[in-house]
Amino acid sequence: MVEVAVRIPGYAHGYPEVAFGGYVAGLLAAHSADPTELRVDFRAPVPIETPLTVRATDSGDRVLTTAEGLLLAETAKATVTITPPPVPSWAQAQAASAAAATTADRPSTDCFGCGAECAPGRGMRLFTTKVPGQELIAGAWTPDPLLGGADGTLGPEHVWSLLDCPGGWAAITMLGMRPGAVTAALTATQLQPISVGADYISYAWADRQDGRKFTVGVALATPDGELCALSEALWIGPRAS
């Protein structure tokens, strides 16, 4: 691979006109020689519906740039070091999703990761909130068939998208991160295929805070507690106004 022309579809956004971080990270993973465990660092907001380029570096990593050469994101080989807590039960995840859908202080958006306004197949529609009595958030999730490929499993763009928003909600819920934060880096590994129509438990937790920097973990597991994917993310909170 020398370079590949790509374009982020307009529906795959987080904030308006800005590509969703998990989708961008998954796109880079899909074009990486070994996406088993990878870190993606975001260097600038990634535009939607714009010609972009994925290019291999001399070290074998991948970079995403604009047509003018502006660096937007880059990969590096990395290992997920965060340790996940025990998986919440399926009943707890279902209750959390139901609670998230009725939370009055959570605005309804079309965010690709957690927006309720996304049409089926045009967003992950992953709704999570805090599990009572535990320092984590969770949600029950069943992939829409439109999210799958020809083999009925999710591609990297969708797998990595699952590992983004829940971490932000964990930092907001447990550490008081203010709205308007962004994903600065995402390190993830996929342990097994994720199939459309199957049930999964998404859960996330806050690990630590250093000023405006928030480190969180996100995991996806089967209702039986088998881990399917795991990530560690760095979020940056907004500057004080």
Side-chain angles (χ1 to χ4, degrees), residues 12-15 20-23 82-120 122-144 147 154 158-183 186 188 194 198-209 212-238:
H13 66 83
Y15 295 115
F20 186 68
Y23 190 98
I82 203 164
T83 301
V87 183
S89 70
W90 177 246
Q92 288 175 314
Q94 286 182 306
S97 284
T102 59
T103 300
D105 60 354
R106 183 173 297 189
S108 181
T109 72
D110 60 352
C111 169
F112 186 76
C114 62
E117 296 177 9
C118 294
R122 289 292 184 266
M124 309 313 291
R125 296 176 57 83
L126 178 55
F127 312 130
T128 57
T129 195
K130 191 174 187 300
V131 176
Q134 298 190 40
E135 288 301 302
L136 55 81
I137 67 167
W141 189 72
T142 304
D144 188 281
L147 294 173
L154 271 62
H158 291 146
V159 174
W160 283 64
S161 290
L162 292 169
L163 302 172
D164 193 356
C165 275
W169 287 114
I172 289 170
T173 303
M174 264 72 81
L175 296 177
M177 184 176 75
R178 294 188 298 119
V182 297
T183 310
L186 186 60
I194 298 170
D199 293 331
Y200 294 95
I201 296 169
S202 169
Y203 66 111
W205 59 99
D207 184 65
R208 61 187 181 275
Q209 176 184 359
R212 294 192 300 121
K213 298 179 180 180
F214 299 82
T215 301
V216 298
V218 182
L220 192 76
T222 66
D224 293 332
E226 186 175 0
L227 204 61
C228 301
L230 177 66
S231 76
E232 178 178 348
L234 172 65
W235 283 71
I236 305 296

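All values reported here derive from a predicted model rather than from experimental measurement.
- Partners of Ala119 according to the side chain to side chain contact (heavy atoms under 4.5 Å, CB included) rule, which considers only residues two or more places apart in sequence or in another chain, are Arg122.
- For the atom pair CG (Asp207) and CE (Met174), the distance works out to 11.0 Å, reported to the nearest 0.5 Å.
- For Gln92, the side chain to side chain contact (heavy atoms under 4.5 Å, CB included) partners are Pro88, Ser89, Val131, Gln134, not counting sequence neighbours.
- The heavy-atom pair separating Ile172 from Met177 by the smallest distance is CG1-O, 3.3 Å.
- Among pairs with a residue in residues 213-227, those fulfilling side chain to side chain donor-acceptor pair (under 3.5 Å) read Gln192-Glu226, at least two apart in sequence or across chains.
- Taking the six-membered ring where the residue is Trp, Tyr200 and Trp141 present tilted rings, their angle falling between 30° and 60°.
- Minimum heavy-atom separation, Pro84 to Leu227: CG-CD2, 4.2 Å.
- In this structure, Ser202 has no side chain to side chain donor-acceptor pair (under 3.5 Å) partners at least two apart in sequence or on a different chain.
- Residues forming a side chain to side chain donor-acceptor pair (under 3.5 Å) with Thr142 (at least two apart in sequence, or on another chain): Asp199.
- Taking the side chain to side chain donor-acceptor pair (under 3.5 Å) definition, one finds that Glu135 meets it with nothing, sequence neighbours left out.
- The ring pair (Phe, Tyr, Trp, His ring centres under 6.0 Å) check on Tyr203 picks up Trp205, with sequence neighbours excluded.
- The OG1 atom of Thr173 sits 10.5 Å away from atom CG of Leu136, with the distance rounded to the nearest 0.5 Å.
- Gly225 and Ala221 get closest at one heavy-atom pair: C-CB, 4.3 Å.
- Distance CE/Met124 to CG/Asp164: 11.0 Å, rounded to 0.5 Å.
- For the pair Arg212 (side chain) and Ile236 (backbone), a donor-acceptor distance under 3.5 Å is absent.
- Of all heavy-atom pairs between Leu186 and Gly22, the closest is CD2-CA, 4.3 Å.
- Put simply, the side chain of Ser161 gets close to the backbone of Tyr23: a donor and an acceptor are under 3.5 Å apart.
- Here the closest non-hydrogen pair linking Leu126 and Pro166 is CD2-CG, 3.7 Å.
- In this structure, the side chain of Arg125 engages the main chain of Cys118 through a donor-acceptor pair within 3.5 Å.
- Applying the salt bridge (charged side-chain N to carboxylate O under 4.0 Å, His left out) rule to Glu117 yields no partners; only residues at least two apart in sequence or on another chain are considered.
- Among residues two or more places apart in sequence or in another chain, the side chain to side chain donor-acceptor pair (under 3.5 Å) test is passed with Gln94 by Trp90.
- Contact of the His13 side chain with the Phe112 side chain is not registered, since no non-hydrogen atoms from C-beta on lie closer than 4.5 Å.
- Judged as a side chain to side chain donor-acceptor pair (under 3.5 Å), the pairs with a partner in residues 227-237 (not counting sequence neighbours) are, in order, Thr81-Glu232.
- Considering OG1 of Thr109 and OH of Tyr15, their distance stands at 10.0 Å, rounded to 0.5 Å.
- Here the closest non-hydrogen pair linking Ile137 and Trp169 is CD1-CB, 3.5 Å.
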